[in-house]
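Nothing fancy with the numbering, it's 1 onward along the sequence. Here the structure is a predicted model, which means the values were calculated and not measured.
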Amino acid sequence: MILTLSWLKNHLNTKANINEIIEKLTNIGLEVEGIKENSNNLSEFKIAKILKAEKHPNADKLKLCEVSIGGSSVIKVVCGADNARNGLITVYAPPGATIPKSKIKLKVAKIRGVESRGMLCSENELNLSDESAGIIELKNMSNKIGKSFFKSSNEKVIDLSITPNRPDCL
């Protein structure tokens, strides 16, 4: 399981430093496999809202999404996620962004004859978890559309291993 330090601190409502947090995680029976500092330029990843999601004209399993990242401009993105729908708030990666998991640098591309300007991201693609069944769904974030999803480009990430005696932590 992969957690960002800022998310964990926010979730636990603590000001403890990383060493204190790692010690507590170990004391409750979790294995801290490592700490990574994600030094990619993560400020490019923005909170976005799907204004309209419709079936791709040339593909059964793809959707053509009109996406707002704040302001008045609307970006067209081709997406293969089943959960892409009108009104969903998610994470958008623009052309030029590098996807943390695959290290692929995005560019404007034609997918089945339709131009796609970037992509909508899953937790797995952003190295946040192993969940890859759909794009990230953000709740109560409509007032943050257009803002950076990551708080810092040097976000610390904690890699945890769930031991067999702690299935409750899943």
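- Between Leu106 and Ile99 there is a side-chain heavy-atom pair separated by less than 4.5 Å.
- At a threshold of 4.5 Å between side-chain heavy atoms, the hydrophobic network of Ile, Leu, Val, Met, Phe, Trp and Tyr places Val74 and Ile145 in two separate groups.
- The neighbour count for Ile18 CD1, taken as heavy atoms of other residues, nucleotides or ligands under 6.0 Å away, is above 12.
- One distance of note links OG of Ser73 with CZ of Arg117; it measures 10.0 Å at 0.5 Å rounding.
- At least one donor-acceptor pair closer than 3.5 Å links the side chain of Lys63 to the backbone N or O of Asp82.
- Within 6.0 Å of CG on Asn143 lie more than 12 heavy atoms contributed by other residues, nucleotides or ligands.
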query: Could you go step by step and tell me if Ile136 and Leu126 meet the side-chain contact (heavy atoms from CB on, under 4.5 Å) rule?
result: CA-CA 10 Å; Ile136 295 173; Leu126 297 180; 3.7 Å; yes

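- Side-chain polar atoms of Asn165 and Thr163 form a donor-acceptor pair below 3.5 angstrom.
- In this structure, NZ on Lys144 lies 6.5 Å from CD1 on Ile47, to the nearest 0.5 angstrom.
- Using a 4.0 Å cut-off between a side-chain N of Lys or Arg and a carboxylate O of Asp or Glu, Lys76 and Glu66 qualify as a salt bridge.
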- request: Show the numbers, then the answer: is there a salt bridge (Lys or Arg N to Asp or Glu O under 4.0 Å) between Lys46 and Glu44?
  value: CA-CA 6 Å; Lys46 303 287 183 199; Glu44 297 173 314; over 6 Å; no

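- Within 6.0 Å of the CG atom in Asp159, the count of heavy atoms belonging to other residues, nucleotides or ligands exceeds 12.
- Using a 4.5 Å cut-off on side-chain heavy atoms (C-beta onward), Phe149 and Thr90 make no contact.
- Residues Leu120 and Met141 do not share a hydrophobic cluster, clusters being chains of Ile/Leu/Val/Met/Phe/Trp/Tyr side chains in contact below 4.5 Å.
- In summary, Lys55 and Asp60 engage in a salt bridge, as defined by a charged side-chain N under 4.0 Å from a carboxylate O.
- Here the closest heavy-atom approach between residue Ala53 and residue Cys65 is recorded as CB-SG, 4.0 Å.
- Interatomic distance, Lys15 NZ to Lys9 NZ, rounded to the nearest 0.5 Å: 8.5 Å.
- Looking only at distances, a side-chain donor or acceptor of Asn83 sits under 3.5 Å from a matching main-chain atom of Ile135.
- Residues Thr26 and Glu23 have side chains that never bring a donor and an acceptor to within less than 3.5 angstrom of each other.
- Ala93 and Ala97 make their closest contact through CB-CB, 4.3 Å (heavy atoms, listed as atom of the first residue, atom of the second, distance).
- The closest side-chain heavy-atom distance from Thr14 to Leu8 is not below 4.5 Å.
- Taking the charged nitrogens against the carboxylate oxygens, Glu137 and Lys139 do have a contact shorter than 4.0 Å, which makes a salt bridge.
- A 4.5 Å side-chain heavy-atom check between Cys121 and Phe45 finds at least one atom pair inside the cut-off.
- Here the side chains of Val67 and Lys52 are not in contact, with every heavy-atom distance at 4.5 Å or above.
- Transitive grouping of hydrophobic side chains (ILVMFWY, heavy atoms separated by less than 4.5 Å) brings Val91 and Met119 into a common cluster.
- Both Ile22 and Ile162 are members of a single hydrophobic cluster when ILVMFWY side chains are connected at heavy-atom separations under 4.5 Å.
- Looking only at side-chain heavy atoms (C-beta outward), Ser142 and Ile89 come within less than 4.5 Å of each other.
- Under the rule for a side-chain contact (heavy atoms from CB on, under 4.5 Å), the partners of Arg112 that lie at least two apart in sequence or sit in another chain are His56, Asn58, Ala59, Leu62.
- Taking SG from Cys79 and CD1 from Ile50, the interatomic distance works out to 6.0 Å, rounded to the nearest 0.5 Å.
- Separating the CG atom in Leu30 from the CD atom in Glu33 is a distance of 11.0 Å, to the nearest 0.5 Å.
- Contact of the Val108 side chain with the Ser116 side chain is not registered, since no non-hydrogen atoms from C-beta on lie closer than 4.5 Å.
- Ile21 contributes atom CD1, which lies 5.0 Å from atom CG of Leu5 (distance to the nearest 0.5 angstrom).
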